[in-house]
Amino acid sequence: MDFEMVMQELESLGKERMKKMYISNGAHEPVFGVATGAMKPLAKKIKKNQPMAEQLYATRNYDAMYFAGIIADPMIMTEADFERWMDGAYFYMLSDYVVAVTLSEANIAQAVADKWIVSGEELRMSAGWSCYCWLLGNRPDGEFSATKIASMLDQVKDTIHASPERTKSAMNNFIYTVAISYLPLHDKAVEIAKAVGPVEVKRDKKKSSILLASENIQKELDRGRLGFKRKYVRC
């Protein structure tokens, strides 16, 4: 399939209900409204195709950009490529669920995410923390420095309430992910969650969200999910 055929297929899969939901979360035109699950058969046909992923991402069409992340080849993407993709990620569903997810499968993931976390830019910071969530939730514990992750937990405790809104959400998820998916620091993450308490995330034209990592951690523990690791990061 060539680029035009893929765009036509994505457009045919679009649903008005999904389009409205994406727009309510920050997407803007052009957007078709394709459910992520509906993209799987198309992804199986194309497999990894970095040149096509670049074409799709450059369209500024939300669905095409999301699909680009599914068929991208993270192992051949450079830091400059990921920076360019972040430049095009205009809202959190792209920064955290396309760029951060794709980065998490690259060998340079931690190095790039570390730079984004200290960038001072809301969506880059959010993507950096989110990338660590995808990493910790998928890769073996032995791939991470416990000292580094512990320091990151302390950083969250000290800065989360004063951070940009989307960054707060990603940082809160980081606490939860460490508690559930990174066993060496489970106890510390639980303590940090309690110390942080409720986190208010303000949203445009919507009511604020109150996030409580400790509550979500307990729910997962009650379900016997301690030590959970995803088999795959991308769909």
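Annotation: side chain of Val190 is in contact with side chain of Ile217 (closest heavy-atom distance under 4.5 Å). For the pair Ile210 and Val199, the minimum side-chain heavy-atom distance is 4.5 Å or more. Between Met5 and Lys45 there is no side-chain heavy-atom pair separated by less than 4.5 Å. Side-chain contact between Phe3 and Thr59: present, with at least one pair of heavy atoms (C-beta onward) separated by less than 4.5 Å. Looking at Ile192 and Asp154, their side chains come closer than 4.5 Å, going by heavy atoms from C-beta outward. Counting only heavy atoms from C-beta outward, the side chains of His186 and Leu221 approach each other to under 4.5 Å.
The backbone N or O of Glu9 lies less than 3.5 Å from a partner atom in the side chain of Ser12, making a donor-acceptor pair. In this structure a side-chain-to-backbone donor-acceptor pair under 3.5 Å is present from Lys229 to Ser181. Side-chain N or O atoms of Ser214 include none that pairs as donor or acceptor with a backbone N or O of Ala193 at under 3.5 Å. Of the possible donor and acceptor atoms, none in the side chain of Lys188 sits under 3.5 Å from a partner among the backbone N and O of Val178. Distance alone, capped at 3.5 Å, is enough to place a donor-acceptor pair between the Lys47 side chain and the Lys44 backbone. For Ser130 (side chain) and Ser126 (main-chain N/O), a donor-acceptor pair under 3.5 Å exists by modelled atom type. Looking at Tyr22, its side chain does come within 3.5 Å of a backbone N or O of Val34 through a donor-acceptor pair. The main-chain N or O of Val98 is found under 3.5 Å from a side-chain atom of Thr102 such that the two form a donor-acceptor pair. Using a distance-only test at 3.5 Å, with no hydrogens or angles considered, no donor-acceptor pair links the side chain of Glu121 to the main chain of Leu123. Of the possible donor and acceptor atoms, none in the side chain of Ser151 sits under 3.5 Å from a partner among the backbone N and O of Thr147.
A side-chain N or O of Asn25 and one of Tyr92 form a donor-acceptor pair less than 3.5 Å apart. Counted by atom type alone, Asp114 and Tyr132 present one or more donor-acceptor pairs between their side chains at under 3.5 Å. Defined by atom type and a distance below 3.5 Å, a donor-acceptor pair is present between the side-chain atoms of Glu54 and Trp85.
Clustering ILVMFWY residues whenever any of their side-chain heavy atoms sit less than 4.5 angstrom apart, transitively, puts Tyr97 in the very cluster that holds Trp116. By the rule that hydrophobic residues join a cluster once side-chain heavy atoms approach within less than 4.5 Å of another member, Val99 and Met125 end up as members of separate clusters. Ile108 and Phe144 fall into different hydrophobic clusters, where Ile, Leu, Val, Met, Phe, Trp and Tyr are joined by side-chain heavy atoms under 4.5 Å apart, directly or via other members. Leu212 and Ile160 fall into different hydrophobic clusters, where Ile, Leu, Val, Met, Phe, Trp and Tyr are joined by side-chain heavy atoms under 4.5 Å apart, directly or via other members. One hydrophobic cluster, built from ILVMFWY side chains closer than 4.5 Å, holds both Val233 and Leu94.
Salt bridge Glu105/Lys48: absent, no basic N to carboxylate O contact under 4.0 Å. Ion pairing of Glu191 with Lys194 is absent here, as no side-chain N (NZ or NE/NH1/NH2) approaches a carboxylate O to less than 4.0 Å. Between Glu83 and Lys115 there is no salt bridge, since no side-chain N of the basic residue sits under 4.0 Å from a carboxylate O of the acidic one.
Atom CG of Asn107 is surrounded by 12 or fewer heavy atoms from other residues, nucleotides or ligands within 6.0 Å.
Between Gly33 and Asp63, the shortest heavy-atom distance links the atoms N-OD2, 3.0 Å. Heavy atoms only, all atoms of each residue included: Arg124 and Ser119 are closest at CB-OG, 3.4 Å. The minimum heavy-atom distance between Cys133 and Thr177, with the atom names listed, is O-CG2, 3.5 Å. The two atoms that bring Ile117 and Met152 nearest to each other are CD1-CE, 3.8 Å, heavy atoms only. Taking all atoms of both residues into account, the shortest heavy-atom contact from Met1 to Met52 is O-CE, 3.1 Å. Considering all non-hydrogen atoms of both residues, Tyr62 and Tyr90 come closest at CB-OH, 4.1 Å.
From Phe67, atom CZ reaches atom CE of Met39 across 7.5 Å, with rounding to the nearest 0.5 Å. Atom-to-atom distance recorded for Leu135:CG and Phe174:CZ is 10.0 Å, nearest 0.5 angstrom. Distance NZ/Lys168 to CD/Glu122: 9.5 Å, rounded to 0.5 Å. Taken from CG in Asn172 to NE2 in His161, the straight-line distance is 9.0 Å, to the nearest 0.5 Å. Atom NZ in Lys19 sits 13.0 Å away from atom OG in Ser24 (nearest 0.5 Å). Note: Glu220 CD to Asn216 CG = 7.5 Å, rounded to the nearest 0.5 Å.
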Exercise. Please report the C-alpha distance between Thr159 and Met171 in whole Å, then the side-chain angles of each, then the deciding distance to 0.1 Å, and finally whether the side chain to side chain contact (heavy atoms under 4.5 Å, CB included) criterion is met.
Key: CA-CA 9 Å; Thr159 64; Met171 294 170 95; 3.2 Å; yes
Quiz item: Hey, mind stepping through Arg230 and Trp134 against side chain to side chain contact (heavy atoms under 4.5 Å, CB included) and telling me if it holds?
Solution: CA-CA 9 Å; Arg230 293 182 185 83; Trp134 297 114; 3.7 Å; yes
Exercise. Using the side chain to side chain contact (heavy atoms under 4.5 Å, CB included) rule, take Val31 and Asn61 through it: C-alpha gap first, then chi angles, then the decisive distance, then the call.
Key: CA-CA 5 Å; Val31 53; Asn61 176 290; 5.5 Å; no
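A search for side-chain contact (heavy atoms from CB on, under 4.5 Å) contacts involving Ser208 returns Glu200, Lys202, not counting sequence neighbours.
The residue from Asp73, Asp81, Ile71 that alone fulfils the side-chain contact (heavy atoms from CB on, under 4.5 Å) condition with Gln50 is Asp73.
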